[in-house]
Structure formats: C-alpha cells, structure tokens
Amino acid sequence: MEGPIRAREALALTLFSLLFFLSRSSALHDLLISNAERRIDLSSHIVKVYLTLKVENAGSSPASEVVLAFPPSQVDHLATVEALATKGKRKKTTFVRLEVKPTELPDAPNDTKYFTIYLANPLNSAESITLEVLYMLTHSLEPFPAEIGQSESQLVYYRDSALVLSPYHIKQQTTFIKTPSTKVDSFTRVEPTNRAGTEIKYGPYEDHTPYSFSAILVHFENNSPFAVVEELVREVEISHWGNLQVTEQYKLVHAGARHKGVFSRVDYQSKPSFNGVSSFRYLLARLPPRVHSVYYRDEIGNISSSHLRTDSRKSELEIEPRYPLFGGWKATFVIGYGLPLQDFLFESSEDRRYVNFTFGCPLMETVVDKLTIKVVLPEGSKDPSAVVPFPVDQHLETKYSYLDVVGRTVVVLEKKNVVPGHNSHFQVYYTFKPIFMLAEPLMLASAFFLFFVACIAYLHIDLSIRK
Amino acid sequence: MSAPEASSAAVPTLMTNNTLRNAFGGVLSFFILLLIAVLAFSIRLFSVIKYESVIHEFDPYFNYRVTQFLTKNGIYEFWNWFDDRTWYPLGRVIGGTVYPGLTLTAGTIWWLLNSLNIPLSVETVCVFTAPIFSAFASWATYLLTKEVKGAGAGLTAAVLLAMVPSYISRSVAGSYDNEAVAIFALIFTFYLYIKTLNTGSLFYATLNSIAYFYMVCSWGGYTFIINLIPMHVLLCIVTGRYSSRLYIAYAPLVVLGTLLAALVPVVGFNAVMTSEHFASFLVFIIIHVVALVYYIKGILSPKMFKVAVTLVISAGLAVCCAVIAVLIALVASSPTKGWSGRSLSLLDPTYASKYIPIIASVSEHQPPTWPSYFMDINVLAFLVPAGIIACFLPLSDASSFVVLYIATSVYFSGVMVRLMLVLAPAACITSGIALSQAFDVFTRSIKFQLPGLSSNTEVDAGETSSATKEAQNDAVKTEKAEETSKDRPSRKSKKKEREHVEKPSTKTKAEKKRLLALPLEASVISLLLLVFLGAFYVVHCVWAAAEAYSAPSIVLTSHSHDGLHVFDDFREAYAWLRHNTDVDDKVASWWDYGYQTTAMANRTVIVDNNTWNNTHIATVGTAMSSPEKAAWEIFHSLDVKYVLVVFGGLVGYPSDDINKFLWMVRIGGGVFPHIKEPDYLRDGQYRIDSQATPTMLNCLMYKLSYYRFVETDGKGFDRVRRTEIGKKYFKLTHFEEVFTTHHWMVRIYKLKPQKNRIRGKTKKSKSKTSSTSSSKRSGTRKKNPWH
C-alpha cells in the first residue's frame with residue numbers, strides 16, 4: 001500500500017518548506033540540538049506528539065530558555081504544550097516540570113509561532129540537558145474523502161514535517177508516526193523512510209539547519225470516535241448544606257468524515273463490523289467517586305440509555321446518545337450529578353474557603369472547542385478568586401437561584417480547545433460567613449409567620465359596612 | 001371555605017359548646033381539604049415516578065410550545081403570533097385560534113415563581129399544572145356540594161373527585177391539556193352559580209361571570225355551561241321556582257359573561273352569533289318576561305292581572321312567532337345550521353361518522369363502551385342513582401341543578417368518550433351526596449339503637465361530618481366513628497341559617513328522621529359494605545392512575561422476562577430531526593405527529609393535530625395513499641423534504657400508521673375522489689399480506705413502512721397485523737431512507753432530488769427519454785391535486 005504521494009501536493013509543500021532557509025542573528029544560535037526524537041501518535045483524533053530534545057549550549061553565556069517553533073497551521077490547533085526536564089541517568093531519572101509560555105520573536109520566518117521553555121537552572125556553556133516535550137493537536141486530521149457512506153471506513157490526512165521545526169541547528173533527528181491500524185493508504189517518503197506495522201519511521205536525518213522543513217502527508221484509516229464537544233458549559237453550584245451540584249451541557253458533534261446518503265438501520269444492526277465503523281454509540285464519562293443523583297437528559301426529556309458504575313475510587317457513566325452519531329451528526333444533552341461537599345470544599349483560613357475541582361471535560365478522548373466553567377458560590381460569599389494552572393479567560397456573573405435576594409456570585413472560566421490533558425484541578429477561593437446559610441430558612445419562616453398572622457388578623461377584623 | 005364563622009349557633013344554651021365544636025369542625029374540615037388536595041396532587045404523580053417528568057401525548061406538546069413562546073416573548077407577541085412552522089405553506093394564527101386559559105395560567109405560574117427567584121423550567125411548570133388544578137377542582141367540588149347538601153357531602157364528593165379515574169386520565173402530571181384547568185373552571189363556575197342562587201348576592205354573580213370567563217378562556221366545553229345554566233333556569237321557571245335570586249344568578253351571567261367571552265379572540269363574535277349560545281339568550285328573554293309578569297302580578301289585583309295576561313299573550317304570541325320565524329330562517333340559511341361540527345355530532349351522534357371523517361377518526365370522539373364507564377367512574381356509576389334520589393329529598397334549586405347536570409352529562413358522555421370528563425364531576429357530586437346521606441342514615445340508626453350514646457341531645461347534628469370522615473379514610477372502624485362523632489360540630493345549624501328559605505327547620509327534620517331508624521345489625525353491616533365499596537373504589541383509582549393512565553405515550557415500556565424494555569423511538573427520531581436537518585426543512589407526516597414534530601423537533605410540518613384545514617390533511621392523506629411517484633410530486637409541490645412514518649410492525653406497536661391508514665384513504669378520498677377506499681380493501685377486508693390489493697401494496701405508506709423490513713427476520717412478519725407482509729422486496733425510486741430508529745418505530749425518508757433535465761441533446765433522444773416519463777406524468781398529473 002505504500003507509495004509516493006500525489007505530485008501536486010508534494011510540490012506545494014516543498015515550495016513552502018524551501019522558504020525556511022533564512023539566517024537569523026540572535027542568542028538562539030548559541031544552542032543546538034544534538035538529538036531530537038519525535039513520536040507522533042495518531043491513534044485517536046487528538047494528535048499527541050512526544051518530542052525528546054537533547055539541547056546543548058554551544059555558546060559562551062548560560063542560556064535559561066529553550067524555544068520551540070510551530071508552523072502557523074499547527075498553532076491554531078495546539079491544545080497543550082508541556083515540557084519536562086530529565087535529571088539523572090538511566091534508572092534514576094526524575095522529571096521536573098518546566099514552565100512553557102507562548103512568545104513572540106522578531107522576524108519569525110513564515111509566521112512561525114514560538115513557545116519558550118523556561119529552564120529551572122540556566123544551562124551553562126558546553127552543558128546539555130534532555131527535555132521531554134508533549135504537545136497535543138486537535139482538529140489536525142482531515143478526513144479524505146470528506147464524505148463517506150455508511151459502510152465505508154474513514155480515511156484521514158495528517159500533515160506535518162519530516163523534520164522537526166526548530167530555530168536551532170539539529171544534529172540528528174528521527175520521527176516516528178504511529179497509525180491506529182496497518183491500513184495506511186499512502187505516505188510521503190523522505191528517505192530514509194520505513195514502515196513497519198503501525199509505525200512509520202522518518203530518519204535519522206543528520207545536520208539540518210534551523211527552520212528546515214520537509215512536508216509530509218500521511219493518508220491512513222482512523223475509525224476512532226471523532227467526538228468533539230463544540231460547546232460545554234459546566235456549572236458547579238456549591239451549597240453549604242452539603243452538596244455540590246454539577247450540571248454539564250454538551251453540544252456534541254461527530255467531527256469526522258461527513259455521513260453521505262442513506263442511513264439504513266437494517267445494515268447497521270445486522271452487520272455491525274462493516275457498517276458505521278467510524279460512527280460511535282457510546283461515550284464514557286469519568287466522574288468523581290461518591291457521585292449521586294446522576295441524570296442524563298436533553299431538551300425533550302430523559303435519555304434512558306446510560307449506565308453508571310461506581311466504586312470507591314471513581315465513577316464511570318456510560319452514556320449513549322439518542323442515536324448513533326455518524327460523521328457530521330450532532331446531539332445535545334445534559335449530564336447532572338451531585339457530589340458530597342466535603343470531598344471538594346476546604347477551609348484555607350478564617351472564613352476563607354476554596355473549592356477544588358477538575359477543570360476539563362469528563363468525557364474520555366474528547367476535544368472541547370469551547371469550555372465554560374461556572375462556579376456558583378453560595379449567596380453572600382465575597383472576594384472570589386480562581387487559581388487555574390493554565391491561562392483562561394475569567395469574569396464574574398450573578399445568578400439568582402432558589403429564593404435568592406442579592407444573588408449568587410458566579411466565577412466564569414472560559415477556555416478554548418480543551419483536551420483530556422487539561423483535566424487537572426483548579427481552585428476557587430472565596431470568603432463566606434456561615435450565618436448566611438440561615439438566611440433562606442429564616443426568610444421562609446418569617447413569610448409563613450406573617451401569613452398566619454395575616455390570617456388571624458383577617459378572621460378577627462370585621463370589614464363589612466353593614467352592622 | 002369552612003371558616004368558623006358560625007359562632008351564632010342555633011341553640012343558645014349550648015352556645016359555647018357549639019362554638020367550640022364549630023371551630024373544631026372548621027379546622028378539621030380544613031385539614032381534610034388539605035389532605036384531599038395532597039391526595040389529588042400525589043395520585044397524579046405516578047407518571048413522573050414511573051416514567052419521567054415529561055409532557056405527554058400530542059396536544060400537550062402544542063400547549064407546551066405555546067407556553068414556551070408566551071414566556072419567552074410576552075403576552076402581546078403571543079396574541080399576534082402567526083406560526084409559520086405548521087400548516088405549511090398556510091401557517092396558523094395561534095393567538096386567535098387557541099383557548100389561551102391554560103397557557104396563560106401556566107405562564108403566570110412560571111412568571112410568579114421566577115419573580116420569586118424559584119428557577120423552575122417552563123416544562124416543569126407545565127407538567128405540574130394539571131395536578132395542581134385537580135387539587136383546586138376537588139376544593140371547588142367541595143364548595144359546590146356543600147352548597148347543595150352540606151359540608152359532609154362536600155368532603156365526600158371532593159375525595160371522590162380527587163381520585164376519579166376519568167379525571168385522572170386527563171390530568172396526570174405531564175398531561176398539559178386544556179381539560180386540566182377547564183374542569184376546575186367548570187366546577188367553580190357551577191359553584192358560584194349555585195352560591196349566587198342560594199344567596200342572591202350580586203358579588204357572587206359577578207364572580208360567577210369572571211369564573212365563566214376563565215372557563216371560556218380555557219376550553220371549548222364552555223358551551224356546556226352556557227347551555228346547562230339556561231336549562232336549569234328554565235327548569236326553575238317552569239316548576240314555579242322563580243325568585244329574585246334566580247334572576248340575579250342568571251341575568252348578570254349572560255350579560256357580563258357574554259361580553260367577557262367575546263373578549264377571547266377564539267370566541268369573539270361567536271359568543272353572540274352561533275347557535276350554541278342561542279339558548280342562553282332565549283332564556284334571558286324568558287326570565288325577563290317572567291320577572292315582568294311577577295312584578296305586574298305584584299302591583300295589580302288578581303282580576304286586572306288576568307285581563308292583562310290575556311291581552312299580552314295574544315299580542316305577544318304574534319310577535320314571538322314572527323321573531324322565531326326570522327331566527328329559524330337565519331339559522332337554516334347557514335350550511336351547518338349555525339352549529340359547529342363537533343357540537344352537531346353531540347346532538348346527532350351519527351353526524352360525524354356520516355359527514356366528517358376527520359372528527360370520527362379521532363378515538364376520543366368515539367362513543368364509549370360500557371366497560372369504559374366502569375373503568376372511568378367505577379362504583380360511582382352505581383351510586384349516582386342513589387345520589388339523584390337523595391337530591392330529590394328535598395328538592396332545592398341547588399339540588400335540581402345537580403340532577404340536571406348529571407342527566408345532561410350522562411347523555412353527552414354517551415356520545416363522545418372524551419366527555420366522560422364532564423360526567424365525572426357530576427358523578428362525584430351525586431355519589432358524594434349519596435354516600436354522605438347513606439352514612440348519615442346508618443350512623444344515626446346506630447346511635448339511636450345504642451342508648452348510651454343517644455343521651456346527647458345534639459347527637460344527630462354531628463353525623464354528617466362523621467359520615468364524611470368515614471368516607472375520608474374508608475378504613476376507619478365504625479366504632480371509632482361513633483366515638484368521634486360526639487365531639488363533632490353541628491353543621492346543620494349553620495346550614496339552616498343559609499338555606500332557611502327552602503329547608504324545614506332542623507328540629508322537625510330530626511324528629512322525622514328519628515322515626516326512620518334502621519335495625520342495628522343492618523346498619524352496621526351496611527356501613528361495613530359501604531366502607532368496602534369505598535375501599536374498592538380507592539384500589540381501583542390507584543390502579544388506574546398507576547397502570548392505565550400514566551403512560552406518556554411518547555416513551556413506551558414493556559416488561560419481559562429479562563427486565564424492563566424502554567422504547568424511546570419517538571424522541572430518538574425527533575431529536576435526530578432537530579439536530580441533523582436544516583432548520584427550515586419541512587417534514588410531512590400524518591397529522592397525529594404534527595404537534596410533536598413542531599415542539600420536539602422544531603421543524604415545519606404540513607399538517608398537525610389542530611385539524612382546521614381538511615383539504616390540507618386530505619392532500620397528505622392522498623400522498624400517503626398514492627404510488628411513489630405521484631406522492632413524490634405532491635410532497636415536492638408542498639416543499640417537503642422529509643417524510644416521517646410510524647411503523648410498529650417490528651416491535652408490535654399497534655397504533656402505527658398502517659393501522660391508521662384507512663383513515664388517510666377516507667379523508668384523502670373525501671376531497672380527491674380518485675382515491676377510493678375499495679381499492680385498498682380485498683373483499684371489504686383491510687389486509688397487508690399477499691392477498692392485499694395491488695393499490696395497497698404500491699401505495700407510499702406501505703412502501704415507506706415496509707422498506708427493507710424483510711431483511712430483519714427473512715420473512716417480513718408484521719407483529720401488529722400478525723401476518724407476513726405481501727410485497728417483500730422492492731426498491732424506492734423517489735425516496736431514500738435517512739433515518740430509522742432503534743426499534744424501527746419511526747422511519748424518516750428524504751425526497752430524492754429532482755433528476756437533472758437533459759438539455760442540449762438531439763431532439764430524438766430527448767423525445768425518446770421523455771416520452772415514457774411524460775406519458776406517466778400526464779397520467780399522474782390529473783391525480784395530483786396541486787396542479
């Protein structure tokens with residue numbers, strides 16, 4: 001099945017790559033990468049790239065930053081970039097997490113975008129360090145053909161470069177691409193290239209100048225569920241009476257190759273192995289342990305096909321949308337559940353509390369295009385502040401819920417392009433006086449009291465004109 | 001309601017004792033009423049507990065959608081709402097064609113709750129409107145029956161109404177239909193009428209017209225009120241019961257009520273122009289004549305009066321004849337004699353089946369069977385005659401009204417099964433009276449026979465309420481009732497005050513009744529039997545509420561050996577349509593699914609359950625009963641993109657489109673005569689197996705239902721019709737399957753796009769290719785009603 005890619009595409013991409021031969025005068029050149037190994041995992045619709053860089057300081061002054069470069073087409077789809085520094089050798093290796101921030105550099109060739117890794121200790125000259133970089137790309141597999149019938153399987157394109165794009169000189173580099181199955185229609189050959197099983201190996205390539213680029217295109221079968229949540233709104237409502245209520249509104253879409261023509265239920269039911277292989281019926285949501293009163297519904301009522309499995313460490317909710325999702329089909333639904341408050345709410349100091357909750361989407365292997373988390377604090381809480389391990393948009397809102405008078409403060413966190421890698425904890429700090437808990441019961445009690453007093457008064461007052 | 005206002009008790013010596021008793025009784029009946037409301041509300045929650053909190057069936061979905069619109073856009077937008085998502089391409093003026101009572105009520109409740117910061121969704125409010133109003137209805141029943149026969153009967157009737165299956169069937173949680181609030185409005189209007197009749201107060205008369213206005217807002221059944229009350233007035237006049245109270249009860253109702261009714265857009269000038277309202281005006285004239293006569297009788301001497309009568313009658317008769325002749329001529333000149341189709345089918349039960357298949361096709365417009373009486377009102381059917389007898393002992397204005405109400409509603413329920421709902425309150429009231437009176441007699445006999453208990457002088461006064469308590473709990477032992485009866489208050493003393501006009505004094509009555517005591521054993525046994533009867537009623541009602549009437553019909557369940565199966569296919573299909581078709585796509589289906597499609601799938605439909613345009617429905621019926629190509633042309637001319645059919649053959653769901661198909665043929669054939677019912681029947685039998693007619697096997701409905709059905713089991717065995725289908729392997733040429741639900745209950749097809757016309761070819765090939773199709777087309781063009 002291997003073969004040279006189509007001539008037209010190859011031409012276009014090589015032209016693009018030729019533009020990278022530009023010299024730049026900056027401290028960047030003091031560093032060089034002695035060895036780069038890249039493993040691209042294409043088995044799901046989230047592309048995971050593991051990059052191992054051995055960075056050497058060839059300059060004279062110590063360097064504290066290492067810059068990663070990304071082509072502009074990838075930057076828009078870049079969900080996370082994480083970097084770890086390795087210490088020690090062989091069995092004693094430990095990893096130190098490093099800070100990564102997007103940066104702008106002057107005169108970047110062809111709109112190349114940069115991320116800077118800040119090293120924990122400056123790299124002295126002639127020293128070297130091994131960096132492990134993980135980045136994830138979403139929406140980077142382009143279905144081709146873009147429309148498929150029910151019985152066809154889904155083929156996608158993946159575009160990248162055979163060479164690691166870098167502002168540094170790379171002495172030696174290899175790229176491994178892992179495909180979900182052995183069915184690879186075609187891939188670009190940049191010798192030496194070999195393919196074994198589900199893996200395509202590019203390289204090793206020796207001595208490439210900064211910004212070397214060699215476009216490659218892999219066309220392969222990928223039938224993993226392309227589940228994309230276009231919009232997810234998670235509302236976490238804190239009640240100091242002991243409950244944390246979570247409501248999640250999903251707009252789900254199958255972002256793979258669009259479904260074309262008929263949908264035949266008889267084919268779908270009788271030949272499941274041939275039919276609708278790229279579609280999906282089930283989604284798995286991983287919820288916190290001790291979850292209770294779980295519901296799963298949409299705007300027209302309960303969806304009766306879901307299973308909840310709980311144990312002491314986690315809860316798994318297997319949900320089935322009303323209909324199997326084929327390419328381009330959409331579905332909306334709401335998942336809601338309650339959680340015991342003591343698992344998530346902690347006191348930090350006098351009257352100061354914080355809620356500790358997971359950020360991302362509980363659905364497994366799902367991309368969220370736009371995630372909004374609303375943390376509804378109890379009525380009367382003050383000075384909210386959120387601590388999130390990655391940059392998010394924040395603002396405050398007010399929500400009126402059951403019998404509120406002044407309204408509840410809502411901390412709104414928004415983030416685009418969220419992948420399961422973002423499922424880390426975040427904290428919202430706020431000040432709350434427990435006396436506010438009594439406000440609503442007292443209000444109700446006094447309302448009833450007044451009502452009864454009014455009744456008594458009415459029964460004892462004679463309002464008739466005639467005596 | 002039962003405010004302890006009766007502090008001025010009849011017997012002065014027992015004044016303090018009585019006041020205490022009255023207060024105690026008032027509080028007790030207040031709590032009993034509260035419990036009744038809880039009962040009425042909670043018995044209707046089976047549907048939420050067994051299924052889910054969801055809107056039921058067909059019409060409620062429309063009401064729900066209207067309520068959503070109302071809460072979103074406000075009342076003014078609502079009045080002016082032109083809905084372009086239904087009856088495409090005609091549309092429908094919603095604001096002017098709905099009874100807005102229900103939606104306004106639910107909208108107000110929602111608005112009130114939200115302004116108190118109780119964020120309930122519109123759906124939740126809609127789901128629980130019916131149970132709330134059934135609690136109100138049972139209170140209204142209490143008030144009405146109390147006016148007729150005292151508080152004991154009132155409480156009994158309220159309890160019976162709280163759980164009468166007929167009413168439950170229309171007011172379970174989720175059954176968000178007009179009847180849910182209309183029954184409350186109906187009973188409450190009757191109560192205020194009786195109240196006015198008993199008190200002669202203009203205040204109540206005004207309230208009565210407002211209640212009538214609410215009823216007009218709520219339900220088309222208001223015509224029942226505006227005919228029943230005149231009938232009662234007439235009855236009172238004829239039986240010589242005319243009084244100023246009757247005048248006050250009736251005249252303001254007609255004037256104010258008609259004015260208010262005309263404010264409702266859907267009624268408008270119908271309030272004065274249609275024959276349904278004619279009786280009220282006629283009686284209005286009569287009551288004025290009678291009032292005038294009574295007045296003249298008062299001021300003239302008997303001799304002069306006789307002279308005046310003969311004079312007026314001779315002159316008046318002539319005028320009357322002329323007026324009546326003109327009226328009859330006017331009425332006769334209109335084609336339906338001024339009566340709407342549904343009202344006509346009420347008067348002539350065979351009318352609908354003869355002339356309007358669309359009314360006859362609805363199952364709830366069929367006459368009921370005997371078992372359905374037993375199912376819907378159960379033991380009340382046997383208690384009603386006893387209640388009627390009790391109403392005659394003694395006959396008051398109020399009790400004669402109840403008798404009239406039950407008599408007319410029995411007739412109407414016999415015509416249309418839907419109107420069992422009107423019968424139910426009447427049956428509850430009469431049965432409540434019957435039960436209460438029976439308990440009254442039995443407990444009094446027991447007390448009379450037991451000397452230890454009869455020492456109390458006021459003993460018989462408390463019996464009414466003790467009887468009530470009996471009926472309340474149904475399981476309370478008789479001995480207990482006797483004990484409690486001692487400290488029960490006197491209601492009679494209070495009643496005496498109010499109804500002193502028509503009631504003999506309690507004392508003489510009590511003496512009379514003491515002579516009517518039954519033997520002890522007989523009374524005890526009868527009491528026990530009555531309790532058993534009540535218990536049986538309760539068991540039946542709970543069973544009916546839980547099993548028979550709480551299914552939402554959009555989600556079906558079945559029990560099998562391996563557990564509960566849920567068939568959620570309807571919502572699966574609607575959700576699919578909602579998310580995976582274009583917003584402006586038109587969906588054609590039989591009219592039953594119109595409301596649901598617009599509400600749940602938010603797609604434009606051709607016809608819906610508001611069957612206002614027979615021709616349009618007939619067009620869809622014709623398309624469904626035509627062969628594929630002709631059907632495609634009809635649907636294409638209507639801009640339809642998807643066709644939805646309901647098919648139960650795989651899982652055995654009986655009310656699917658194949659079973660409704662003959663109605664499509666009939667309705668379609670009624671307008672487009674080329675569709676003939678006999679073409680679809682083999683020897684008068686409707687069948688879909690190999691014996692079926694070719695017309696049947698080639699019609700669109702058959703093809704869309706059974707397309708590739710044979711591949712499921714290899715034989716094509718239809719589980720509803722219990723037969724193998726006639727034509728198993730066929731292809732669709734003009735439609736393509738785009739979605740079929742999990743259990744095949746809903747199948748959605750897309751119209752294939754029009755074929756490209758061949759252009760620029762030589763004339764020869766063109767004429768060749770088109771000659772065959774054009775000859776076909778010319779053949780079908782005649783059939784297509786849209787050309």
Side-chain angles (χ1 to χ4, degrees), chain A residues 150 230 237 251-254 258-271 281 295-306 320-334 379 398-408 440 443-444 447 455 458-459 462 464, chain B residues 3-5 26 51-55 61 64 113-121 123 174 552 554-555 557 564-580 596 599-602 650 707-712 732 735-744 747-750:
Chain A
Q150 189 184 345
E230 289 183 318
E237 192 166 330
K251 273 188 193 165
L252 188 73
V253 68
H254 185 302
R258 293 186 64 79
H259 179 71
K260 179 178 71 180
V262 299
F263 165 67
S264 167
R265 179 66 73 168
V266 63
D267 288 341
Y268 183 75
Q269 278 172 337
S270 57
K271 299 166 224 159
R281 288 180 68 181
Y295 64 86
Y296 168 48
R297 54 170 293 150
D298 64 3
E299 63 267 76
I300 53 174
N302 182 47
I303 307 171
S304 44
S305 44
S306 60
E320 190 181 332
R322 288 195 186 275
Y323 39 86
L325 281 167
F326 280 81
W329 287 13
K330 292 177 182 174
T332 59
F333 53 88
V334 179
E379 198 179 20
T398 311
K399 184 194 174 188
Y400 291 91
S401 185
Y402 291 91
L403 297 171
D404 285 348
V405 180
V406 291
R408 304 181 185 198
E440 274 157 18
M443 208 165 73
L444 273 182
C455 282
Y458 171 75
L459 291 176
D462 190 3
S464 60
Chain B
E5 71 211 358
Y51 295 88
E52 55 180 289
S53 168
V54 73
I55 308 283
Y61 267 98
Y64 170 49
L113 287 174
N114 267 331
S115 55
L116 285 173
N117 279 333
I118 299 175
L120 290 183
S121 67
E123 189 188 9
I554 56 159
V555 48
T557 53
L564 185 77
H565 279 275
V566 179
F567 299 94
D568 205 357
D569 286 38
F570 287 108
R571 287 192 298 190
E572 184 183 343
Y574 293 133
W576 185 86
L577 275 175
R578 186 184 188 102
H579 296 299
N580 301 307
Q596 291 185 347
M600 282 200 264
N602 192 23
L650 186 74
Y707 177 61
R708 298 190 72 182
F709 176 60
V710 68
E711 289 170 48
T712 53
L732 294 176
F735 295 86
E736 59 180 10
E737 185 186 11
V738 286
F739 191 74
T740 298
T741 57
H742 189 248
H743 302 101
W744 290 54
R747 312 194 70 182
I748 301 169
Y749 292 84
K750 191 176 179 179

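Each chain gets a letter, A, B and so on, in the order the sequences are listed, and its residues count up from 1. Computed from heavy atoms alone, side chains included, the values below leave out hydrogens, waters and symmetry copies. Quick caveat: nothing in here was measured; it's all calculated off a predicted structure.
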**Item:** Lys/Arg N to Asp/Glu carboxylate O, A:Asp298 vs B:Arg571, below 4.0 Å
**Value:** no
**Message:** In the structure I gave you, are the side-chain heavy atoms of A:Trp329 and B:Phe739 within less than 4.5 Å of one another anywhere?
**Reply:** yes
**Prompt:** Is any side-chain heavy atom of B:His742 less than 4.5 Å from a side-chain heavy atom of A:Gln269?
**Reply:** yes
**Asked** At their closest point, which heavy atom of B:Val54 faces which heavy atom of A:Ile300, and how far apart are they?
**Response** CG2-O, 3.9 Å
**Prompt:** Rounded to the nearest 0.5 Å, how far does CG of B:Leu116 lie from CG of A:Asp404?
**Reply:** 12.0 Å
**Asked** With distance as the sole test, does A:Arg265 use its side chain to make a donor-acceptor pair with the main-chain N or O of B:Thr740 at under 3.5 Å?
**Response** yes
**Fill in**
What one should report as the nearest heavy-atom pair of B:Val738 and A:Gly261 is CG1-O, 4.5 Å
**Prompt:** Relative to chain A, which segment of B:Leu120 carries a heavy atom at a distance below 4.5 Å: side chain, backbone, both, or neither?
**Reply:** side chain
**Asked** Which atom pair, heavy atoms only, marks the closest approach of B:Ala575 to A:Arg322?
**Response** CB-CD, 3.4 Å
**Message:** With a 6.0 Å cut-off (strictly less than), is the heavy-atom count around NZ of A:Lys251, excluding the residue itself, greater than 12?
**Reply:** no
**Request:** Would you mind telling me which of A:Ile303, A:Val253, A:Val266 has the largest number of heavy-atom pairs within less than 4.5 Å of chain B?
**Result:** A:Val266
**Message:** Show the nearest heavy-atom pair for residues B:Asp568 and A:Asn302, with the distance to one decimal.
**Reply:** OD2-O, 3.6 Å
**Heavy-atom proximity to chain B below 4.5 Å, by part of A:Ser270** = neither
**Message:** Heavy-atom cut-off 4.5 Å, strictly under: side chain, backbone, both or neither for B:Glu52 against chain A?
**Reply:** side chain
**Message:** Using side-chain heavy atoms (C-beta onward) and a distance below 4.5 Å, is A:Ser264 in contact with B:Arg708?
**Reply:** yes
**Request:** Quick one: closest heavy-atom pair of B:Pro119 and A:Tyr402, and the distance?
**Result:** CD-N, 3.7 Å
**Request:** First locate atom OG of A:Ser304, then atom NE2 of B:His565, and finally report the distance between them rounded to the nearest 0.5 Å.
**Result:** 12.0 Å
**Prompt:** Are any side-chain N or O atoms of B:Asn117 and backbone N or O atoms of A:Tyr400, one a donor and one an acceptor, separated by less than 3.5 Å?
**Reply:** no
**Message:** Do the side chains of A:Glu299 and B:Arg578 get close enough for a salt bridge, i.e. N-O under 4.0 angstrom?
**Reply:** yes
**B:Asn580 versus A:Gly328, closest heavy-atom pair with distance** = OD1-O, 4.3 Å
**Request:** Among the options B:Glu736, B:Lys750, B:Arg747, B:Met600, pick out the one with the most heavy-atom pairs lying under 4.5 Å from chain A.
**Result:** B:Met600
